[in-house]
**Q** 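My questions will all concern the structure given below.
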Amino acid sequence: MTEKIGVIGAGIVGLAVARELATTRGAEVTVLEKEDRVGAHQTGHNSGVVHAGIYYPPGSLKARLCREGVALLKEYCAHHRLPYEEVGKLVVASTSAERPRLAALAERARANGVPGITELDALGLREVEPHAVGVGAVHSPHTAIADFPAVARRLALDVAELGGSVRLAHPVRAIRETAGSVEVLAAGRRFAFDRLVICAGLGTDAVARMAGRRGDIRIVPFRGEYYALAGAARDLVRGLIYPVPDPRYPFLGVHLTRHIDGEVLVGPNAVLALAYEGYRGYNLRNSWQILRWPGTLRMARQHWRTGLKEVHGSLVKGAFVRAARRYVPELTASDLRRTEGGVRAQAVAKDGRLVDDFAVDVEGRVVLVRNAPSPAATSSLAIARHISGIVPALVR
């Protein structure tokens, strides 16, 4: 008898999981999505970078699935003629004090099997990015950019062609696990599945509560704001220019990123959002849920100085300009215009720790993706394989 598997969330990860389960398990898959389109949130609100695997601790799930995911995504885009361009990335040290961290980053990248990694001096980095400055850089020539919303749309078509369905405008209202199935109420309809995989992104906590899986980590949303370079200023950046990251945080700092459509983005920052979909403003109920989680306040106590700096960058355009000019000094305030931002679903532990690695829980008939931040889009096809391998097989 054919397995019936439900997937909650039609972002790139949820759709990749659905496709993989339909392909390798022969499952009848139904994807439930509350929005009227696929990839409406994190998938459709990012810089489109296909990460090469430079940053992640060797041996971590992120490191392994990122490297596997790059290869799978590149092949998938080529097969379906979707945009994929290896523009290369420079991670730039702007001061001598950053050199040790830069060297450690190069070693980590090599340990993760990232191809073509080279360490450059001030002159060498300008050969890659003529308008950039710094005392040194790590160059990853195969770091790429892609159109993740287009990938998500193609994955949805794959699911349908494999006999599954993607049901848009189907917000989940209730979940009940019985001895023989998982029942899901969505858009006034009742679905019965043998297994349920939750890939709800910013909605993870709400869906986890419905499924009776509260756990010891929660999603704390961080708003990422962007500026775009205007006019001729776009020509000042060939590919991707990143700062040396602070190892205390999973965020990569304000960087300059060429997008697949030719636009160059500056950002994002990372400001605590007071709504799970807090692209603008706040939501009182969400704010209460976010702030009452003990991990949120413990995180704030540990990192309040950085938090104030990020808020300042949100309120003052000049802070963004200074961050960009640190690497491309020819830029001026008039070269930057505000553009659409995004919200990152960041898992935070009860002790205030920012959860860095991917986190997937399996309990009973439910698989819950608790943490899948960047590089989840890059890794989506590999994450799907990983999840397919740990979804318990149906025994009748």
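Heavy atoms only: backbone and side chains are in, while hydrogens, waters and symmetry mates are out.
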**Q** From H131 NE2 over to I241 CD1, what is the distance, rounded to the nearest 0.5 angstrom?
**A**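 The CD1 atom of I241 is 9.5 Å from NE2 of H131, to the nearest 0.5 Å.
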**Q** Would you say E33 and H170 are linked by a side-chain donor-acceptor pair, where the criterion is simply a distance under 3.5 Å?
**A**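 No, no side-chain donor-acceptor pair sits under 3.5 Å.
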**Q** Between D194 and K4, does any side-chain N to carboxylate O distance fall below 4.0 Å?
**A**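 Result for this pair is no, no salt bridge flagged.
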**Q** Using a strict threshold of under 4.0 Å (side-chain N to carboxylate O), is an ion pair present between R209 and D205?
**A**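 Salt bridge between D205 and R209, a charged N being under 4.0 Å from a carboxylate O: no.
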**Q** Under 4.0 Å between a Lys/Arg side-chain N and an Asp/Glu carboxylate O for K317 and E225?
**A**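 Looking at E225 together with K317, the answer is no, because their closest N to O distance does not fall below 4.0 Å.
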**Q** Can a donor-acceptor pair be found, under 3.5 Å and without considering hydrogens, that links the side chain of N112 to the backbone of A109?
**A**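 Not a single qualifying donor-acceptor pair exists.
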**Q** For side chain to side chain donor-acceptor pair (under 3.5 Å), just list the numbers for E35 and H41, CA-CA rounded to whole Å, side-chain angles, deciding distance to a tenth of an Å, and then say yes or no.
**A** CA-CA 9 Å; E35 305 295 353; H41 291 292; 2.8 Å; yes
**Q** Would you sort out whether L155 and I12 count as a side-chain contact (heavy atoms from CB on, under 4.5 Å), showing the intermediate values?
**A** CA-CA 8 Å; L155 289 169; I12 195 170; 3.9 Å; yes
**Q** Parallel, tilted or perpendicular for H51 and Y242, by the 30°/60° rule?
**A**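 Geometry flag for Y242 against H51: perpendicular rings.
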**Q** State the CG-CG distance between L265 and L336, to the nearest 0.5 angstrom.
**A**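 Rounded to the nearest 0.5 Å, the CG-CG separation comes to 10.5 Å.
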**Q** May I ask you to decide whether E119 forms a salt bridge with R110, counting only side-chain N to carboxylate O separations under 4.0 Å?
**A**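 Yes, this pair counts.
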**Q** Going from CG on L229 to CG on L256, what distance comes out if it is rounded to the nearest 0.5 angstrom?
**A**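 Spacing of CG (L229) from CG (L256) equals 6.0 Å.
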**Q** To the nearest 0.5 Å, what is the distance between NZ (K350) and CH2 (W293)?
**A**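 Spacing of NZ (K350) from CH2 (W293) equals 5.5 Å.
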**Q** Below 4.0 angstrom, N of the basic side chain to O of the carboxylate: do D158 and R19 qualify?
**A**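 A salt bridge links D158 with R19.
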**Q** Give me each pair satisfying salt bridge (Lys or Arg N to Asp or Glu O under 4.0 Å) with a member in residues 168-192, each pair once, sequence neighbours excluded.
**A**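 Matches after skipping sequence neighbours: R176-E183, E177-R213, E183-R190.
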